[in-house]
Amino acid sequence: MTIDWPSFTPFAALAGGVLIGAASALYLLISGRMAGITGILAGPLQALALRRPLAPLRPQLLFAVGLLAAPLVWRLFAPLPEATLSAGTGVLVAAGLLVGVGTRLANGCTSGHGVCGLARLSLRSLANVLVFMGAGFATVYVARHLLGG
C-alpha cells in the first residue's frame, strides 16, 4: 500500500470535518433529528413518490440542497479534487444498490452512525460503523487481491 502524500490535504479535510459536525449540530437544533443522509433523503423521496406535501420536510430539503450546493461553493475558492473511477457502470450500480440495502438494514449510514451516533456514544452506532468498515475492508481485499481488480 502506498499513500499519495501530494494529494494529502489535512487542512481541507479538517475544514470538511468541522463543516460536517456544524451541519449535523445545526440540523439537530432545527429539526430535532439526527443527521443521516439516508434518512434525510428518504423522507422527501417518499413524499414525492406518495404525493405527500413537501412543506413539513423543509429541514431535510434544505440539508439536501446544501449537500448539492457544497461543491459549487467550493469551486468559488479552489478547483474540485479530481475523481477517477476505475469500475464499470454495472459495478457502480451494484455497489450503490448494496450500499442502499445495507443502510436500510442498519437503519442509517456512515454519516448518521459514524458522525452523530459515535458522538452520542451509541453502542448501536459503534457496532454499525465496525460492520460498515469491516465490510469495506473485506470488499477492497476481495476486489483487489482475490479478483485482481
Side-chain angles (χ1 to χ4, degrees), residues 1-28 31 33-52 54 57 59-75 78-149:
M1 180 173 100
T2 59
I3 297 175
D4 184 12
W5 288 109
S7 297
F8 180 58
T9 56
F11 296 114
L14 178 63
V18 168
L19 287 173
I20 290 171
S24 298
L26 186 62
Y27 184 75
L28 178 61
S31 71
R33 301 187 65 185
M34 288 293 162
I37 305 305
T38 307
I40 288 171
L41 294 178
L45 291 175
Q46 286 176 346
L48 286 173
L50 300 174
R51 297 180 187 228
R52 292 183 184 157
L54 288 172
L57 302 170
Q60 289 97 325
L61 291 170
L62 289 173
F63 199 98
V65 168
L67 285 173
L68 296 173
L72 301 174
V73 173
W74 179 274
R75 286 184 66 185
L80 287 172
E82 184 176 331
T84 56
L85 298 173
S86 59
T89 303
V91 171
L92 293 174
V93 168
L97 289 173
L98 287 172
V99 168
V101 169
T103 55
R104 294 310 292 174
L105 289 174
N107 288 327
C109 56
T110 51
S111 61
H113 286 297
V115 175
C116 300
L118 291 181
R120 294 183 312 127
L121 305 177
S122 165
L123 289 178
R124 184 179 78 132
S125 291
L126 175 61
N128 280 319
V129 168
L130 291 174
V131 170
F132 296 155
M133 297 300 287
F137 295 151
T139 301
V140 169
Y141 181 80
V142 169
R144 290 198 175 167
H145 300 289
L146 299 181
L147 300 177

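One-based numbering along the sequence shown. If you're wondering where the values come from, they're calculated on a predicted model, not measured in any experiment.
- When all heavy atoms are compared, the tightest approach of Trp74 to Pro79 is NE1-O, 3.2 Å.
- The backbone N or O of Ala106 lies less than 3.5 Å from a partner atom in the side chain of His113, making a donor-acceptor pair.
- Nearest heavy-atom pair across Gln60 and Pro44 is CB-CG, 4.0 Å.
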Sequence neighbours left out, cut at 3.5 Å: what donor-acceptor pairs do the side chains of residues 115-122 make with other protein atoms?
{"unit_1": "Ser122", "atom_1": "OG", "unit_2": "Arg124", "atom_2": "N", "d": "3.4"}
{"unit_1": "Ser122", "atom_1": "OG", "unit_2": "Ser125", "atom_2": "N", "d": "3.1"}
{"unit_1": "Ser122", "atom_1": "OG", "unit_2": "Ser125", "atom_2": "OG", "d": "3.4"}

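- Nearest heavy-atom pair, Leu57 versus Ala47, reported as atom, atom and distance to 0.1 Å: CD1-CB, 3.6 Å.
- Across Ala35 and Ile40, no two heavy atoms sit closer than the pair CA-CD1, 4.1 Å.
- Here Phe137 pairs with nothing under the ring-ring contact (aromatic ring centres under 6.0 Å, His included) rule; sequence neighbours left out.
- Applying the side-chain contact (heavy atoms from CB on, under 4.5 Å) test to Leu146 and every residue at least two apart in sequence or in another chain returns Tyr141, Val142.
- Checked against side-chain contact (heavy atoms from CB on, under 4.5 Å), Phe11 has no partners two or more places apart in sequence or in another chain.
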What pairs of donor and acceptor atoms, side-chain ones from residues 81-103 against any protein atom, are under 3.5 angstrom apart with sequence neighbours left out?
{"unit_1": "Thr103", "atom_1": "OG1", "unit_2": "Val99", "atom_2": "O", "d": "3.1"}
{"unit_1": "Thr103", "atom_1": "OG1", "unit_2": "Gly100", "atom_2": "O", "d": "2.8"}

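- Atom CE of residue Met34 and atom CG of residue Leu28 lie 5.0 Å apart, to the nearest 0.5 angstrom.
- Residues that satisfy the ring-ring contact (aromatic ring centres under 6.0 Å, His included) test with Phe132, not counting sequence neighbours, are absent from this structure.
- Residues Phe63 and Leu41 form no side-chain contact, since every pair of their non-hydrogen atoms from C-beta on lies 4.5 Å or further apart.
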